[in-house]
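A short worksheet on the structure shown next.
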Amino acid sequence: MDAPLPVSAASSLTGGDFPWLSLIVLLPAAAALLMPLLPGDGNDPRWPRLLAFGALLLDLLLMVWVFATRFDGSDGGLQLVERLSWVKALGLEWSLAADGLSAPLVVLSGLVTLLAVAASWNIQRKTRLYFGLLLLQASAQGLVFLSQDFLLFFLAWELELVPVYLLIAIWGGKQRQYAATKFILYTATASLLILISGLALALNGPFTLNLSELAARSPGGSFGLLCYLGFLVGFGVKLPMFPLHTWLPDAHGEANAPVSMLLAGVLLKMGGYALLRFNVQILPEAHLQLAPALIVLGIVNIIYGALNAFAQDNVKRRIACSSVSHMGFVLLGIGAIDALGLSGAMLQMISHGLIAASMFFVTGVFYERTETLSIPNMGGLAKALPITFAFFLASSLASLALPGMSGFVSEITVFLGVTANDGFTIGFRVITIVLAAVGLVLTPVYLLSLCRRVFFGPRIPALAVVGDMKPRELMIGLTLLVPTLVIGFWPRVAIDFYEASTADLAQHLASHAQLAFGRLPVLG
């Protein structure tokens with residue numbers, strides 16, 4: 001049995017420490033509770049959007065300050081630890097902590113949610129409810145990434161489903177009820193598998209819900225494999241992983257642009273984060289056995305998502321299929337079982353969160369002006385919307401992994417993680433790289449053809465005169481695009497956050513390989 005995963009002694013919660021992580025999590029929810037007290041009627045957007053934007057801006061600034069001044073990126077253990085017994089009868093604790101796996105994703109979720117509120121400035125219907133749901137979603141997201149108690153994690157995981165369902169069902173497109181129902185059916189069914197697997201781990205020995213204590217047990221054998229598969233399916237729905245992905249194009253196709261920014265920028269990353277936290281950290285022996293299967297699933301995601309994107313005549317559905325393809329690189333990195341592959345998976349989640357949010361935001365910009373997402377019904381928009389075209393093209397180039405942008409750094413890191421790992425046979429590594437390269441070739445084809453058909457081609461007279469991006473929209477686009485360039489040229493700004501944690505996680509896997517197999521097994 002391993003010792004519990006390291007906790008930085010300097011950051012453990014004592015009587016004099018302030019619960020910064022609790023403040024980060026609870027601030028948006030507290031602001032949501034103030035929504036009914038605002039002046040005006042339920043459709044007046046002024047006060048609700050100002051309250052939501054102000055609360056999330058303050059929350060983001062708090063995140064940046066806490067992780068810049070009180071978080072040590074060179075320490076791979078849990079930091080800023082907060083533990084408080086909540087419901088003793090259930091063993092439930094209010095247990096929060098941050099490490100390299102969670103800290104960058106918390107900041108990413110705070111940034112994308114803030115920008116989603118800014119992109120919702122023109123919402124005119126049920127505005128108190130709309131912005132209140134965005135605030136609740138922000139709290140649930142933060143709690144998912146920071147929870148160190150399984151039941152608390154699961155409650156947060158379930159809580160974030162409700163705002164997303166309502167945001168799609170009330171403010172979505174013509175097929176919004178179908179898309180929202182499909183989303184909740186997929187994710188709620190998956191949650192049942194997560195709950196069963198988590199409780200099985202908690203009951204396997206002295207009862208505990210603490211994730212570090214569960215990781216110290218690291219159960220193997222058929223029990224570990226069954227729990228691993230339960231988590232894989234449960235979290236794979238959210239990732240999304242083929243063939244559990246079919247809710248995503250429908251949800252994106254019907255959700256408004258700000259909600260799509262949250263879906264692509266944050267919710268999909270919950271699936272990748274949970275795979276690292278549960279499947280890799282708590283069940284390392286099972287992960288070592290099933291790592292080749294994860295790589296195969298990643299390859300299927302990459303190629304299938306890319307091919308499926310060609311068949312889409314709706315802009316948002318095409319970008320959604322692109323997300324399925326790009327999240328395949330996260331599976332590929334997680335399956336690589338070495339520090340470089342795990343680092344690439346983390347960087348891909350951060351990079352894709354920024355890029356996908358940018359693409360959906362810009363799509364929302366020209367949808368507000370053209371009132372269509374049908375690719376055949378658009379054309380010649382480059383002259384009418386030159387700034388919008390520039391942002392969409394830049395986001396597309398980042399998505400197709402142009403050197404100098406974050407997508408290139410993250411995907412090349414995943415490739416190197418697979419090729420450099422002696423734990424896989426040479427043949428397996430070669431086949432993996434060749435097949436993944438097919439996806440890389442397909443990506444620029446379907447993205448650049450999208451740009452050509454929407455912004456060039458025959459001009460449609462009805463779309464010839466439309467207004468370009470406003471200053472508010474320009475600032476949102478720049479806030480998403482600039483980090484992709486910064487990470488592309490200076491990836492250490494992101495890697496320094498999580499490198500120690502991914503290195504510790506890789507060492508965790510290596511130590512279990514030695515115990516279970518006597519050496520790092522040759523897989524594939």
Side-chain angles (χ1 to χ4, degrees), residues 1-25 63-84 93-108 142-150 152-153 201 208-219 272-285 287 333-334 337-343 345-347 349-350 492-515:
M1 180 181 293
D2 289 352
L5 294 179
V7 178
S8 174
S11 59
S12 298
L13 184 63
T14 65
D17 289 335
F18 188 82
W20 294 109
L21 299 184
S22 295
L23 182 58
I24 287 172
V25 167
M63 293 174 190
V64 173
W65 180 81
V66 168
F67 291 126
T69 62
R70 305 183 67 85
F71 182 83
D72 183 3
S74 64
D75 183 351
L78 297 176
Q79 304 178 49
L80 301 166
V81 178
E82 303 172 19
R83 294 186 69 173
L84 175 67
E93 289 185 330
W94 179 264
S95 180
L96 306 181
D99 64 0
L101 302 181
S102 57
L105 296 178
V106 171
V107 176
L108 174 69
L143 194 54
V144 165
F145 292 128
L146 295 172
S147 295
Q148 294 301 315
D149 179 277
F150 170 72
L152 183 63
F153 168 89
L201 288 175
T208 182
L209 295 167
N210 185 271
L211 299 187
S212 293
E213 294 172 9
L214 292 176
R217 296 176 181 178
S218 301
Y273 165 80
L275 287 176
L276 289 171
R277 183 67 74 195
F278 288 84
N279 292 64
V280 180
Q281 194 171 69
I282 297 179
L283 298 164
E285 186 177 320
H287 182 64
I334 294 174
I337 68 173
D338 62 2
L340 199 56
L342 295 172
S343 176
M346 278 297 301
L347 192 58
M349 285 193 281
I350 297 168
R492 298 300 311 183
V493 72
I495 293 173
D496 285 346
F497 257 105
Y498 62 76
E499 188 174 38
S501 292
T502 53
D504 283 357
L505 197 54
Q507 182 58 42
H508 184 59
L509 288 171
S511 64
H512 277 274
Q514 293 291 331
L515 289 173

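This structure is a prediction, so every number in the text was calculated from the model and none was measured.
- In this structure A103 satisfies the side chain to side chain contact (heavy atoms under 4.5 Å, CB included) test together with F67, F71, F497, sequence neighbours excluded.
- Closest non-hydrogen pair, I350 versus A494, comes out as CD1-CB, 4.4 Å.
- Note that CG of L146 is 10.5 Å distant from CG of L78, once rounded to the nearest 0.5 Å.
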Using side chain to side chain contact (heavy atoms under 4.5 Å, CB included), reason through D504 and D99 one step at a time and then give a plain yes or no.
CA-CA 11 Å; D504 283 357; D99 64 0; over 6 Å; no
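- Put simply, CG on L101 and OG1 on T502 are 7.5 Å apart, with the number rounded to the nearest 0.5 Å.
- Taking both residues in full, the closest heavy atoms of A500 and G73 are given as CB-O, 3.4 Å, listed atom of the first, atom of the second, then distance.
- Side-chain contact check for T69 versus W20: every heavy-atom pair is 4.5 Å or farther apart.
- Judged by distance alone, with hydrogens and angles left aside, the side-chain atoms of D496 form no donor-acceptor pair with the main-chain N or O of E499 at under 3.5 Å.
- When L211, I282, T208 are each tested for a side chain to side chain contact (heavy atoms under 4.5 Å, CB included) with L201, only one passes: I282.
- Contact of the I334 side chain with the H287 side chain is registered, since non-hydrogen atoms from C-beta on lie closer than 4.5 Å.
- Listed for the Q79 side chain is a donor-acceptor partner under 3.5 Å among the backbone atoms of D72.
- Between A97 and V81, the closest heavy-atom pair is CB-CG2, 3.9 Å.
- In this structure, M346 and S501 have side chains that are not in contact, with every pair of non-hydrogen atoms separated by 4.5 Å or more.
- The ring pair (Phe, Tyr, Trp, His ring centres under 6.0 Å) check on F145 picks up Y273, with sequence neighbours excluded.
- Test I24, L152, L80 against L96 for side chain to side chain contact (heavy atoms under 4.5 Å, CB included) and you get one pass: L152.
- Without hydrogens or angle criteria, H508 side chain to P284 main chain gives no donor-acceptor distance under 3.5 Å.
- Side-chain contact check for L214 versus L209: every heavy-atom pair is 4.5 Å or farther apart.
- You'll find the side chain of L342 stays beyond 4.5 Å of the side chain of Y498, heavy atoms only.
- Checking S147 against D149 by side-chain atom types alone, no donor-acceptor pair falls below 3.5 Å.
- Counting heavy atoms from C-beta outward, S102 and R277 have side chains that approach closer than 4.5 Å.
- Here the closest heavy-atom approach between residue V106 and residue M63 is recorded as O-SD, 3.5 Å.
- Of all the heavy atoms in A506 and D338, the pair that sits closest is CB-C, 3.9 Å.
- Using a 4.5 Å heavy-atom cutoff, the side chains of L276 and M349 are in contact.
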